[in-house]
Every structure is written in structure tokens, then in C-alpha cells.
Amino acid sequence: MIQWCMFGGYEGAWGPEAKVYFTMFGACELHRPTLARQLLAMQRSDAGRPAAGRKIIITIFGGTEIKCPTLAEEFIDLREAVHSGALDANQWDTWMVELDRWMEGSVASFTLFGSFEETALPSEDEEVESLALHRHLGNINEDSGVVLELGVGQGGAQRQAVIHQAVMVG
């Protein structure tokens, strides 16, 4: 499937299917699934097989950004997957290594006179607002919220460790 974006903007979810994103004189913002959702997709696929949905991103005179979920979204999805028994939090390190291997080579990009960002973090304001909202709604308890606050502005392994620790505390 092809997603065209010319002289305009597109915002959408980063789905599991193979897809070509073509952006010209415009902007494309894609929202990456949470780690828990990626782990569940990896479990459903055949072991050792690369990510089923290879993405090809072509950006000409525009910008494409693949945005990470907020810490609150990551925490809630992971907590639910652990509580349902779909994921075992004690195997976190193993899961992260396997997920990196599974996702390897899943994105190919070509950018000409534009920009491409593969792991854009939510802004500090987005993170703080999301944490405050979910605390207010009761989706995040105080102890987990304090741990998640440490992950604001962090990426990569630090962000993953904070999410895991928040689930273990909560």
C-alpha cells in the first residue's frame, strides 16, 4: 500500500503492514506503536523472521517524522500486557534484544531536500500533560508516575528502562 502526501500533511498510525510513504512538499507524521504492541506483534510472527511490515519512506522537499508514544501510553500498554499474562516482565532484557533484532532493517528511507526523523520523542510538554492526565484519571499510580517522570526527554535504552521500572513498581 502507498500513502501519498503532496503539498499537504498526513498524520497517522504506524501500522504492522508493509507500506510506502511518499511525501513531497509536505509533512508526514507517523505514530510508532508502543513497545508492548511491538512485542506482541513479534510474538505473533514466525520466530527469526524480520518484521513483517517493511516500511519505505521517500521524502522530497518535505519532512517525515516517526514519533514515539508518550511514556504514559507506553506504561499503560505494557502494564496491561503484563497483567493479562501476554508478556512476562521478568523477561524484559530478552524481549528488548529480540525486538531490536526483529525490527532491524524494517525501515528504508530516501530523503531529498527535506528531513527524516525516525525516533522523534514527544515534547516535554506532551509528556508532562499526558502523565498528569493519566494520573488524574487513575491510570497511573503515584509511585509509577514518579519513575516515569525520570524518562521525560530520554530515548533508547534509558527510556525503555524507565518504562519497565515503572511497571515493576506499579
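Heads up: numbering here begins at 1 and tracks the sequence.
- When every heavy atom of Phe75 is checked against every heavy atom of Asn139, the shortest pair comes out as CE2-O, 3.8 Å.
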Glu73 and His134: side-chain hydrogen bond (donor to acceptor under 3.5 Å, both in side chains), yes or no, with the steps?
CA-CA 9 Å; Glu73 293 168 327; His134 286 286; over 6 Å; no
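- Here the closest heavy-atom approach between residue Gly151 and residue Leu71 is recorded as C-CD1, 3.4 Å.
- A donor-acceptor pair under 3.5 Å links the side-chain atoms of Ser144 to the main chain of Ala166, judged by distance alone.
- For the side chain to side chain contact (heavy atoms under 4.5 Å, CB included) test with Ile163, the passing option among Arg79, Gln154, Glu74, Gln158 is Glu74; the others fail.
- Partners of Glu126 by salt bridge (charged side-chain N to carboxylate O under 4.0 Å, His left out), not counting sequence neighbours, listed by chain and number: Lys67.
- Met168 belongs to no hydrophobic cluster, as no Ile, Leu, Val, Met, Phe, Trp or Tyr side chain comes under 4.5 Å of its own.
- Between Leu87 and Gln43 there is a side-chain heavy-atom pair separated by less than 4.5 Å.
- Within a 6.0 Å radius of CZ in Arg37, no more than 12 heavy atoms belonging to other residues, nucleotides or ligands are found.
- Cluster partners of Leu30, using a side-chain heavy-atom cutoff of under 4.5 Å among ILVMFWY residues and allowing indirect links, are Tyr10, Trp14, Tyr21, Ile57, Ile66, Val107, Phe116.
- A side-chain donor-acceptor contact under 3.5 Å links Arg32 to the backbone of Glu118.
- Scored by the side-chain contact (heavy atoms from CB on, under 4.5 Å) test, Gln165 finds Val147, Val169 as partners (sequence neighbours excluded).
- When all heavy atoms of Ser115 and Thr59 are compared, the closest pair comes out as O-CG2, 3.8 Å.
- In the hydrophobic clustering, Leu137 connects to Leu133, either directly or through intervening members, whenever side-chain heavy atoms lie under 4.5 Å apart.
- Qualifying salt bridge (charged side-chain N to carboxylate O under 4.0 Å, His left out) partners for Glu124, counting only residues two or more places apart in sequence or in other chains: none.
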